[in-house]
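Just so you know, these numbers come straight off a predicted model, no measurement behind them. Each chain gets a letter, A, B and so on, in the order the sequences are listed, and its residues count up from 1.
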Amino acid sequence: MRVSQFPLSTLRETPADAEVISHQLMLRAGLIRRTASGLYTWMPYGLRVLRKVEAIVREEMDNAGAIEVLMPAIQPAELWQESGRWEQYGPELLRVKDRHDREFCVGPTHEEIITDLMRKELNSYKQLPVNYYQIQTKFRDEIRPRFGVMRSREFIMKDAYSFHLTQESLQETYDKMYAAYCRIFERLGLSFRPVAADNGSIGGSGSHEFHVLASSGEDDIVFSDGSDYAANIEKAEALAPAGVRPAPSQEMHQVHTPNTKTIQALVDNFKLPVEKTIKTLIVEASAESGAKFVALLVRGDHELNEIKAEQQPEVAAPLRMATEEEVRSIMGAGPGSLGPVNCPIPVIADRTVAAMSDFGAGANIEDYHFFGVNWGRDLPLPRVADLRNVKAGDPSPDGKGTLSIVRGIEVGHVFQLGKKYSETMNATVLDENGKAQTMIMGCYGIGVTRVVAAAIEQNYDEAGILWPKAMAPFQVSIVPLNMRKSEAVAQAAEALHTQLQAAGIEVLLDDRDMRPGAMFADHELMGIPHRVVISDRGLQAGSLEYKARKGGEAEQVPSAEILSFLQAKLA
RNA sequence: CGGGGUAUAGCGCAGCCUGGUAGCGCGUCUGUUUUGGGUACAGAAUGUCGGGAGUUCGAAUCUCUCUACCCCGACCA
């Protein structure tokens, strides 16, 4: 391909509204252009990258026995009403009406369509299991689209849905999909991690997220150095500290603590170790608890896990922190002076808190704390639960090794749906006794467009993108110097271009009449992995210059050997 | 939707406070120059100053209003 015929439009300056590096580089390298909020056009070079990701996903899905279909992007409201999601989904579901005033939505996902399809197509258990997938455009009317293609409203997703007679059969396909996902991200050349995920109301262990590791990621991923345990921090269990609670060694006493509204101030002003401090958080109580508010206790240096908190029967979901006015009217003191001693509302203590002794906590009197507090002696131990986020260095919940935390970008999700849709939509097959059985379902998604952005977040340098080999829009770029003046350079460039193309190498010839520096900068920005420079100087010496995008010095390669040299690099 | 901010040439920005009819850098076009890291010089084109209304002799600038976009929160592939 020649640049003169495959237009490249790079930007020298970073557009002001691009926040994250992948968005900036995708705009600068001319891979995408914004059409409207959350809507992007994929430009020629970007589309090549996208197609490569799709091809790998398609191949691995096919290899794993999934069958490709293509469902409509526009979906009739009746199916969503049948599943109950027409009401549940909210404004993220883009609803439209046709000329007959019939209601439709632009599909954000396809459970309804596939379930409807399968209940019609499948009659017998003998037809199971099946696994259908598609690679298709989805639309979710996100409240706040951002980060370019990372969280856009329209995006391309590979979604697969499997149907089974038994849980064992589902597990088998689930495991196959899990393995296929691992192969996909390995082949894409990404550093990734499958992690156990929160699977909400469905229950069971049937949900894993696949995260591309990148410091700019929005999720915290927890993993163990002593086992293959990995989980989203939302889900990672914080174990109770080992050993028994130390015996009290101090008497409880009230201390005047002016200007001490934070844990840090308490530690600094009173030389109290942070491990001896307690944070008291007041949240709204659930209707069935009978109380209006609940106090949650975590150690001073620990962070409340909102999902774990919401799962407590006493706590209202979604979680809502009490306002400062509410706190004052219930507790008689403001935030910064709160604690479990003489607490007028129900209390739940984190496991770590339950194991503390001689600790300090607010006295529920403005500017006073109690120090030397001990459970059992000074106040009864409240209900204990896992309330906090794990921290790096915590023991792994499976008992093997300690935990580390890294940031990740969620690019895939495998999920055991069970009968959630098949039951409400009455998708059954006849079993061997001729009895109707509700099918069990699994679903498996990959955010194809997001994968492209995530790959950049993980692979870039000052000059631009560093594509993994499998994703680069071209493998080799030819940069001829002074092509318009030097007949020899022009001929050599054309000849090499023809030669590499004939050898099946994806090659891009930069035949623009530009200065070398500008061309180098463009190819580096675009992240083409291999570069061959053709110059009069080199040709006279019978050689071409080769340089890899990722590090390494430029080297001279005899012209006659360039093909085999590149083939070795590309292998 | 709540809170904060921005809107001036393709991109990045100045001008606005203190009204006088729009500018800089990059890019684009023409010519010359240069040719191993975004070359230099000369010339040129490009704006309903986000839309509408108002104040004024006169509005990018002041007032009102609408719209779009960005950032922080809930959502998610």
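- Atom P of G43(B) sits at a distance of 26 Å from the matching atom of U48(B), rounded to the whole Å.
- Between the side chains of Tyr40(A) and Arg153(A), no donor-acceptor pair is found at a separation under 3.5 Å.
- A distance of about 10 Å separates the P atoms of A22(B) and C49(B), rounded to the whole Å.
- U18(B) and C70(B): their C1' atoms are spaced 30 Å apart (whole Å).
- For G47(B) and C24(B), the C1' atoms lie 15 Å apart once the distance is rounded to whole Å.
- Separating the C1' atom of G4(B) from that of G25(B) is a span of 30 Å, rounded to the nearest Å.
- Following rounding to the nearest Å, His413(A) (NE2) and C75(B) (P) show an atom-to-atom distance of 14 Å.
- With ring centers used as reference points, Tyr178(A) lies 6.0 Å or more from Tyr444(A).
- Separating the CD atom of Glu524(A) from the P atom of G38(B) is a distance of 12 Å, rounded to the nearest angstrom.
- In this structure, Glu142(A) reaches the bases: a heavy-atom distance under 4.0 Å links it to at least one base atom across the strands shown.
- At a threshold of 4.0 angstrom between heavy atoms, the contacts of Gly445(A) with the nucleic acid are absent.
- The phosphate of G25(B) (OP1 or OP2) has no side-chain N or O of Arg12(A) nearer than 4.0 angstrom.
- At a threshold of 4.0 angstrom between heavy atoms, the contacts of Thr14(A) are confined to the sugar-phosphate backbone, with no base atom among them.
- Spacing between G52(B) and G12(B) at atom P, rounded to whole Å, works out to 23 Å.
- Atom pair Glu13(A):CD and C24(B):P shows a separation of 16 Å (rounding to whole Å applied).
- Distance, Asp159(A) CG to A77(B) P: 11 Å, rounded to whole Å.
- When heavy atoms are screened at a 4.0 angstrom cut-off, Lys485(A) is found touching base atoms of the nucleic acid.
- Using bins of under 30°, 30° to 60° and over 60° for the plane-to-plane angle, the ring pair Phe6(A)/Tyr45(A) lands in the perpendicular bin.
- The pairing partner recorded for C17(B) is none, the criterion being a Watson-Crick or G-U wobble arrangement whose two distances lie under 3.5 angstrom.
- Counting any heavy atom pair closer than 4.0 Å across all strands shown, Val448(A) reaches no nucleic acid atom.
- In this pair, Phe155(A) lays its aromatic ring flat on the base of A77(B), centres within 5.5 Å and planes under 30 degrees apart.
- Both tests hold for Arg531(A) against Phe520(A): distance to the six-membered ring centre under 6.0 Å, angle to the ring axis within 45°.
- Relative to the six-membered ring of Phe474(A), Arg48(A) meets both conditions, a distance below 6.0 Å and an angle of at most 45° to the axis.
- Looking at heavy-atom distances under 4.0 Å, Ser535(A) makes contact with a base.
- Comparing the P positions of C66(B) and C57(B) gives a spacing of 28 Å, expressed to the nearest Å.
- If you find the closest nucleotide of RNA chain B to Val411(A) and to Leu481(A), the one lying nearer the 5' end belongs to Leu481(A).
- In this structure, Arg531(A) reaches the bases: a heavy-atom distance under 4.0 Å links it to at least one base atom across the strands shown.
- Contact annotation for Thr137(A): no contact, since no heavy-atom pair falls under 4.0 Å across all strands.
- If you find the closest nucleotide of RNA chain B to Thr449(A) and to Arg537(A), the one lying nearer the 5' end belongs to Arg537(A).
- For the C1' atoms, the distance from C26(B) to C62(B) is 33 Å, rounded to whole Å.
- Among the nucleotides C70(B), C76(B), C11(B), the one closest to any side-chain atom of Ser37(A) is C70(B).
- If you check U6(B) for Watson-Crick or wobble pairing at under 3.5 angstrom, you find it paired to A68(B).
- Set against C11(B), A77(B), U34(B), the side chain of Pro15(A) has C11(B) as its closest nucleotide.
- Nucleic acid contact class of Glu154(A) (heavy atoms, under 4.0 Å, all strands): none.
- Taking atom CG on Asp219(A) and atom C1' on A74(B), their separation rounds to 14 Å, with Å as the unit.
- Among the protein residues, Leu11(A) comes within range of no part of the nucleic acid, since none of its heavy atoms lies under 4.0 Å from any strand.
- Note on ring orientation: taking the six-membered ring where Trp is involved, the planes of Tyr174(A) and His208(A) are tilted (angle from 30° to 60°).
- The residue from Asn459(A), Leu213(A), Val406(A) that alone fulfils the side chain to side chain contact (heavy atoms under 4.5 Å, CB included) condition with Ser191(A) is Leu213(A).
- Summarising the base pairing, G54(B) is matched to C62(B) through a Watson-Crick or G-U wobble pair whose two defining distances lie under 3.5 Å.
- As the counterpart of A44(B), U28(B) is assigned, both hydrogen-bonding distances of the Watson-Crick or G-U wobble pattern falling under 3.5 Å.
- When heavy atoms are screened at a 4.0 angstrom cut-off, Asp17(A) is found touching the sugar-phosphate backbone but no base atom.
- A donor-acceptor contact under 3.5 Å is formed by the side chain of Arg151(A) with the base of C75(B).
- Nucleotide G37(B) forms no Watson-Crick or G-U wobble pair with any nucleotide shown, as no partner meets the under 3.5 Å limit on both distances.
- Cation-pi contact between Arg95(A) and Trp86(A): present, with separation from the ring centre below 6.0 Å and deviation from the ring axis of at most 45°.
- Cation-pi geometry between Arg193(A) and Phe223(A) is met: under 6.0 angstrom from the ring centre, within 45 degrees of the axis.
- One can place CE of Met514(A) at 15 Å from P of G36(B), the figure rounded to the nearest angstrom.
- Rounded to whole Å, the distance from CD on Glu92(A) to P on C1(B) is 15 Å.
- Base pairing analysis places C75(B) opposite nothing; no Watson-Crick or G-U wobble pair with both distances below 3.5 Å involves it.
- The residue Arg144(A) sits close to a base: some heavy atom pair falls under 4.0 Å.
- Using a 4.0 Å heavy-atom distance criterion, Ala16(A) is classed as a sugar-phosphate-only contact.
- Applying the 3.5 Å distance criterion, the base of U34(B) shares a donor-acceptor pair with the side chain of Arg515(A).
- Leu50(A) has its CG atom 18 Å from the P atom of A77(B), to the nearest Å.
- Counting any heavy atom pair closer than 4.0 Å across all strands shown, Arg34(A) reaches sugar-phosphate atoms only and no base atom.
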